[in-house]
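Heads up: the structure comes next, in structure tokens.
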Amino acid sequence: AARRLKAARPGELAPLARQLFEEVGLRAAVLASDDAPTIAERRLENLEEVVRSLVAFERQTNATRGLLAEYLRAAALTQESEKEEEPRPQVTLMTLHSAKGLEFAYVFLVGLEEEFLPHKKTMEEGGDLAEERRLCYVGMTRARRRLWLTWARRRARHGGRVERAASRFLAELPDGDGVRRRNRDATEPDAESQKLANDFFAKMKERLGIEGAGEA
């Protein structure tokens, strides 16, 4: 299929690409991976997106020979154009599983509480706490410059408030340079931390359309 793909004629690009994916076992490799289901689904969707883009390319191009080379050239030009665009500040919300492989300058891990991380189901069913710990580590290592780990002492539930306990993984963090522990009820955070946190949550409110966006 690879050789035929290079010499593909109009109408053959997409079917040959799909055939090549099957021959090299891409779909099977994704399904057999140890990644989270959401990541596997996204990777399979990426394969389908390649096929759809090949179909769209063939509809738009007037070329009758060297279709694969023309497609790759057009894709490279599109990527270069996207790189030239000025990146816009934005807040990205995601699960820990979907954050694997990504990096951000600033990261907030919220809800680091018992029954959340480690998850209640894992503790009740005698699951693998080491896997939950690795998941926490994945989230922490997404930050390139600064990382905030937060938990709530109390949460609203069923019309009332319930007391919460900090995740055991927080207690396992070694103290040292670069690690600061704060009790918000007892001390005030430094001005830089407060400003960064306020800016982050203000942008998140704005993105989500929550009233009061921009207020500290």
- Note on the structure: Minimal heavy-atom distance between E132 and P118, with the atoms involved, is OE1-CA, 3.2 Å
- Message: Between L20 and V24, is there a side-chain heavy-atom distance shorter than 4.5 Å?
- Response: yes
- Message: To the closest 0.5 Å, what do you measure between OG1 (T92) and CG (L102)?
- Response: 9.0 Å
- Of all residues at least two apart in sequence or in a different chain, which pass the salt bridge (Lys or Arg N to Asp or Glu O under 4.0 Å) check with R134? D128, E131
- Task: Rounded to the nearest 0.5 Å, what's the gap from CG on L112 to CE on M140? Could you check?
- Result: 8.5 Å
- Taking atom CG of L16 and atom CG of L54, what is their separation to the nearest 0.5 Å? 10.0 Å
- Message: Nearest 0.5 angstrom please: N46 CG to S53 OG, how far?
- Response: 10.5 Å
- Are the side chains of L109 and L147 in touch, meaning some heavy atoms are under 4.5 Å apart? yes
- Could you tell me whether a side-chain N or O of E103 sits under 3.5 Å from a main-chain N or O of A143, the two making a donor and an acceptor? no
- Are V107 and V91 grouped together when hydrophobic residues (ILVMFWY) are joined by side-chain heavy atoms under 4.5 angstrom apart? no
- Please answer: with hydrophobic residues joined when any side-chain heavy atoms are less than 4.5 Å apart, are W151 and V110 in the same cluster? no
- Path from L170 to F116 over hydrophobic side-chain contacts below 4.5 Å: no
Considering only distance and modelled atom types, tabulate donor-acceptor pairs under 3.5 Å from the side chains of residues 158-169, sequence neighbours left out.
residue : atom : partner : partner atom : Å
R164    : NE   : E113    : OE1          : 2.7
R164    : NH2  : E113    : OE1          : 3.3
R164    : NH2  : E114    : O            : 2.9
S167    : OG   : L117    : O            : 2.5
S167    : OG   : F169    : N            : 3.1
R168    : NE   : E114    : OE1          : 3.2
R168    : NE   : E114    : OE2          : 3.2
R168    : NH2  : E114    : OE1          : 2.6

- Message: Using only atom types and a distance under 3.5 Å, with no angle test, would you say the side chain of T141 pairs donor to acceptor with the backbone of Y137?
- Response: yes
- Message: Assigning hydrophobic clusters by single linkage (Ile, Leu, Val, Met, Phe, Trp, Tyr; side-chain heavy-atom cutoff under 4.5 Å), is W148 placed with L173?
- Response: no
- According to the ring pair (Phe, Tyr, Trp, His ring centres under 6.0 Å) rule, which pairs have a member within residues 46-67, sequence neighbours left out? F57-Y71
- Query: Are L149 and F108 close enough that some pair of their side-chain heavy atoms sits under 4.5 Å apart?
  - Reply: no
- Message: Using the side chain to side chain contact (heavy atoms under 4.5 Å, CB included) criterion, which residues pair with R27? Sequence neighbours excluded.
- Response: E22, L44, L47, E48
- With sequence neighbours excluded, tell me which residues meet salt bridge (Lys or Arg N to Asp or Glu O under 4.0 Å) with R52. E45, E49
- Query: Mind checking whether F104 and R146 have side chains closer than 4.5 Å, heavy atoms only?
  - Reply: no
- Message: Between E70 and L67, is there a side-chain heavy-atom distance shorter than 4.5 Å?
- Response: no
- Message: Looking at every non-hydrogen atom in both residues, tell me the closest pair between E12 and P15 and how far apart they are.
- Response: O-CD, 3.3 Å
- Kindly write out the residues that satisfy side-chain hydrogen bond (donor to acceptor under 3.5 Å, both in side chains) with R133, not counting sequence neighbours, or none if the list is empty. E172
- Could you state the interatomic distance from CG (L26) to CZ (R18), rounded to the nearest 0.5 Å? 12.5 Å
